[in-house]
Protein chains: 2
Amino acid sequence: MESRIDRIKKHLHSQSYKLTPQREATVRVLLENEEDHLSAEDVYLLVKEKSPEIGLATVYRTLELLAELKIVDKINFGDGVSRFDLRQEGAAHFHHHLVCIECGAVDEIQEDLLGDVEKVVENDWNFKIKDHRLTFHGICYRCQKQEDKEPTEQAINHT
Amino acid sequence: MESRIDRIKKHLHSQSYKLTPQREATVRVLLENEEDHLSAEDVYLLVKEKSPEIGLATVYRTLELLAELKIVDKINFGDGVSRFDLRQEGAAHFHHHLVCIECGAVDEIQEDLLGDVEKVVENDWNFKIKDHRLTFHGICYRCQKQEDKEPTEQAINHT
DNA sequence: TTTCGGGTTGATAATGATTTTAATTTGACA
DNA sequence: TGTCAAATTAAAATCATTATCAACCCGAAA
């Protein structure tokens, strides 16, 4: 964990940015909530618990900076807010997401499923891919189980 | 073209909505700019050219309605605005996008590239897919040609 | 024909996320 | 120690989007 912070620190330094206490607090929150998909506001509230003097604008600026350096990815699931997601270290590509339309849960797929598809796109469309975003919308395994037990109104209407 | 409007009209009627003149004007703008990815504001300005009395709120409401009925898809490329894209008639899935990080152009891929990937996700993650979003970020063929001729600063630094 | 009611609209106010501003603080370095 | 640029804060500003509400349209019932 510490080493991860250190590497991020070096990454910042290499672009002549500093890891200020505020930035460190923000990064720590991201590390401690790696499986969540926090909005800027979420991050702000969590950072505030440990460093109450931090300002919302600073959190926004830090997240923006981290996104520029590709330390985090800024994602958008269609609710009005941007969410921020740490990249796996050394990951060539951004991971994928499963968004449940029933319960809103967001699961991650770290595996790269797009290797073949990207080859097709690069060849057939002559497009040099730098990154991608892949999100599936559907029903997660938890809600599927739920529906088996106590069918919801929608589930009944589907038949 | 007219028949397309008619089908959309029927689609609306089937859910007991009307194709009011304002809604029709909005749909026409979408049809006439099918390859663009217009924001609500863009649509508003274009509709206003022919129907100056239309209100911004009405355009927003209409786009929202069309999105609900799956006539358009609401997409988000990470700039602050939602964009609206007509679905291909009868398309089971949403088409994909190529966003150029040099010039900002957005191209579409109508072909479904995700058939195999979706099978994997449904089986391995037990996730029932209803829809997807796939966007590639990279350099479009136009900008690649450009770089060959007159290399930009970035292009030089890449070497 | 008149009245009623629901759906629709347009102008405007309100909201909520994000960005900018201006003043202040910090920290490295001369 | 003094200086300067970067970073920070709180507050104001901005921008996209949504909610409000009075007015309107139009078909059905009286």
Side-chain angles (χ1 to χ4, degrees), chain A residues 8-29 37-69 71-85, chain B residues 8-29 37-69 71-85:
Chain A
I8 289 172
K9 189 177 194 170
K10 286 202 185 96
H11 195 156
L12 284 169
H13 284 165
S14 76
Q15 310 285 313
S16 55
Y17 292 110
K18 296 174 227 169
L19 185 63
T20 63
Q22 292 89 337
R23 286 175 182 168
E24 181 171 341
T26 304
V27 170
R28 278 185 192 283
V29 163
H37 298 80
L38 303 174
S39 67
E41 187 83 27
D42 294 336
V43 174
Y44 171 62
L45 292 174
L46 287 168
V47 171
K48 227 170 161 39
E49 286 176 11
K50 301 207 172 164
S51 317
E53 68 294 346
I54 202 169
L56 176 58
T58 301
V59 171
Y60 269 99
R61 276 184 298 242
T62 300
L63 292 171
E64 198 55 46
L65 177 62
L66 294 174
E68 242 169 58
L69 299 184
I71 294 168
V72 305
D73 275 298
K74 191 174 179 180
I75 46 179
N76 205 302
F77 294 128
D79 55 349
V81 296
S82 293
R83 297 177 181 280
F84 296 85
D85 221 353
Chain B
I8 289 172
K9 188 178 195 169
K10 284 199 186 100
H11 195 155
L12 284 169
H13 285 164
S14 76
Q15 310 284 313
S16 54
Y17 292 110
K18 295 176 225 168
L19 186 63
T20 63
Q22 292 89 337
R23 287 176 182 166
E24 181 171 342
T26 303
V27 170
R28 279 186 192 283
V29 163
H37 297 82
L38 302 175
S39 68
E41 187 83 25
D42 294 336
V43 174
Y44 172 62
L45 293 173
L46 288 168
V47 171
K48 228 171 159 45
E49 285 176 11
K50 300 208 171 162
S51 316
E53 69 293 347
I54 202 168
L56 176 59
T58 300
V59 171
Y60 269 99
R61 277 185 297 241
T62 300
L63 292 171
E64 197 55 44
L65 177 63
L66 295 173
E68 243 169 59
L69 298 184
I71 293 167
V72 305
D73 275 297
K74 192 174 178 179
I75 46 180
N76 205 303
F77 294 126
D79 54 349
V81 297
S82 293
R83 297 177 180 280
F84 296 85
D85 220 353

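As a basis for the values below, the full set of heavy atoms in this structure was taken, side chains included, without hydrogen atoms, waters or symmetry mates. Letters A, B, ... mirror the listed sequences (proteins, then strands); counts begin at 1.
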Compare the minimum distances between each of [options] and the side chain of [X], then state the nucleotide with the smallest one.
X       : options                : answer
A/Tyr17 : D/dT18, D/dA7, C/dT18  : D/dA7
B/Ala57 : D/dT17, C/dA11, C/dT18 : C/dA11
B/Tyr60 : D/dA7, C/dT18, D/dT18  : D/dT18
A/Ala40 : C/dT19, D/dT17, C/dT18 : C/dT18
B/Glu64 : C/dT8, D/dT8, D/dT18   : D/dT18
B/Arg23 : D/dT17, D/dA7, C/dT9   : C/dT9
B/Lys18 : D/dT18, C/dG7, D/dT8   : C/dG7

Between D/dT18 atom C1' and B/Glu41 atom CD, what is the distance in whole Å?
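Roughly 15 Å, once rounded to whole Å.
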What's the CG-C1' distance between B/Leu12 and C/dT8, to the nearest Å?
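Rounded to whole Å, this separation is 13 Å.
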Would you say B/Gln22 places a side-chain N or O within less than 4.0 Å of OP1 or OP2 belonging to C/dG10?
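Checking B/Gln22 against C/dG10: at least one side-chain N or O falls below 4.0 Å of OP1 or OP2.
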Could B/Asp42 and B/Arg83 be called an ion pair, given the rule that one side-chain N must be under 4.0 Å from one carboxylate O?
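Salt bridge: yes.
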What parts of residues 46-55 of chain A reach DNA chain C, counting only heavy atoms under 4.0 Å away?
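Those residues: none at all.
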Determine whether any donor atom in the side chain of B/Arg61 lies under 3.5 Å from an acceptor atom in the base of C/dG10, or the reverse, and answer yes or no.
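Donor-acceptor pair under 3.5 Å: yes.
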